[in-house]
Amino acid sequence: MNISFLDNWRKKRGPARGVAVFSDSESDREGVAELLSECELLRMQAHRAGIQLDDSATSLEALDQLLPRWRDDEESLLWLGNDAGLYLGTVIVRTVPGAFWEVWPNGQPVVRLVSGREIDVVASGHEWASSGVPELSHVYAEVAEA
């Protein structure tokens, strides 16, 4: 999304440090899930590499194979880490029965499993973007097994 006032705001405040979501009600889960699934920067990077992000575990494996050209650009690294985590969460929510987005009181989105376990997918996305470990497909496999 190219919104001019956001570009000016980012220049004044520096790079993004994370993701925060605030909602007024529990019934807004579908809207939150839709918002969190956008992952524009990651989708752009994947498209350039010929990878189709179809919200499947296979697409996570393809992302794990991307050459990490973004690691030289700290701002891209931060945004891509957010997107990677949100995309991982989107795949989990859409494919693991009973999984859903939960938003902590501080605005941090996490994925909650039927077991009650909460997965901080944004943290996993940042680790993947900066070092490649853990691979997104491995995080997904661990969650899907549970």
Side-chain angles (χ1 to χ4, degrees), residues 1-47 51 53-64 66 68-146:
M1 210 181 305
N2 188 8
I3 303 172
S4 61
F5 76 87
L6 280 179
D7 291 338
N8 292 334
W9 183 86
R10 287 181 187 129
K11 287 177 187 172
K12 292 177 186 174
R13 288 168 179 75
R17 301 273 184 237
V19 175
V21 177
F22 295 95
S23 175
D24 291 338
S25 68
E26 284 279 320
S27 64
D28 200 27
R29 278 193 183 149
E30 194 172 306
V32 168
E34 187 65 32
L35 174 68
L36 295 176
S37 71
E38 288 182 6
C39 314
E40 186 176 343
L41 181 60
L42 181 69
R43 289 183 188 278
M44 212 168 39
Q45 291 274 352
H47 179 73
I51 297 171
L53 298 184
D54 59 0
D55 302 342
S56 69
T58 305
S59 65
L60 293 173
E61 292 171 5
L63 285 173
D64 288 337
L66 277 177
R69 293 187 174 110
W70 58 82
R71 291 190 185 142
D72 296 334
D73 180 358
E74 188 173 323
E75 186 172 349
S76 290
L77 179 70
L78 292 170
W79 282 101
L80 194 67
N82 286 335
D83 279 7
L86 295 176
Y87 184 70
L88 171 62
T90 296
V91 173
I92 293 169
V93 166
R94 292 187 177 165
T95 62
V96 174
F100 62 91
W101 285 106
E102 179 80 19
V103 180
W104 288 342
N106 67 355
Q108 174 73 21
V110 297
V111 173
R112 182 182 287 266
L113 304 177
V114 172
S115 66
R117 178 179 170 204
E118 292 179 335
I119 313 299
D120 187 350
V121 291
V122 174
S124 294
H126 280 281
E127 291 171 15
W128 173 82
S130 63
S131 69
V133 178
E135 290 184 334
L136 299 174
S137 60
H138 289 176
V139 175
Y140 174 82
E142 177 191 318
V143 168
E145 281 180 6

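Note that the numbering runs from 1 along the sequence shown for the chain.
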Exercise. Can you tell me how far the CD atom of E40 sits from the CG atom of L86, to the nearest 0.5 Å?
Worked result: 13.0 Å

For this session: Give a yes or no answer on whether the side chain of W70 reaches the backbone of A129 with a donor-acceptor pair at less than 3.5 Å.
Result: yes

For this session: Heavy atoms only: give me the nearest H126-N82 pair and the separation to one decimal.
Result: NE2-OD1, 2.6 Å

Exercise. So how far is it from Y140 OH to I119 CD1, rounded to the nearest 0.5 Å?
Worked result: 12.5 Å

Problem set entry | side chain to side chain contact (heavy atoms under 4.5 Å, CB included), paired with W128, selected from V139, V133, D64 | D64

Seminar exercise, completed: Separation between CG (L53) and CE (M44), nearest 0.5 Å, reads 12.0 Å

Exercise. Can you tell me how far the CG atom of L42 sits from the CG atom of L88, to the nearest 0.5 Å?
Worked result: 10.5 Å

Exercise. If you measure from CG on L77 to OG on S130, what distance do you get to the nearest 0.5 Å?
Worked result: 6.0 Å

Exercise. Can you find a pair of side-chain heavy atoms, one from V121 and one from W101, that are under 4.5 Å apart?
Worked result: yes

Exercise. side-chain hydrogen bond (donor to acceptor under 3.5 Å, both in side chains) with S56: which residues, sequence neighbours excluded?
Worked result: D54

For this session: Evaluate whether atom CZ of R69 has more than 12 neighbouring non-hydrogen atoms of other residues, nucleotides or ligands under 6.0 angstrom away.
Result: no

For this session: Only counting residues at least two apart or in another chain, list the ones meeting salt bridge (Lys or Arg N to Asp or Glu O under 4.0 Å) with R43.
Result: D55

For this session: Ignoring hydrogens and angles, tell me if any N or O in the side chain of R112 forms a donor-acceptor pair with the backbone of E118 under 3.5 Å.
Result: no

For this session: With rounding to the nearest 0.5 Å, note down the distance linking OG1 in T58 to CG in L63.
Result: 11.0 Å

Exercise. How would you list all residue pairs meeting salt bridge (charged side-chain N to carboxylate O under 4.0 Å, His left out) that involve residues 133-146, not counting sequence neighbours?
Worked result: R117-E142

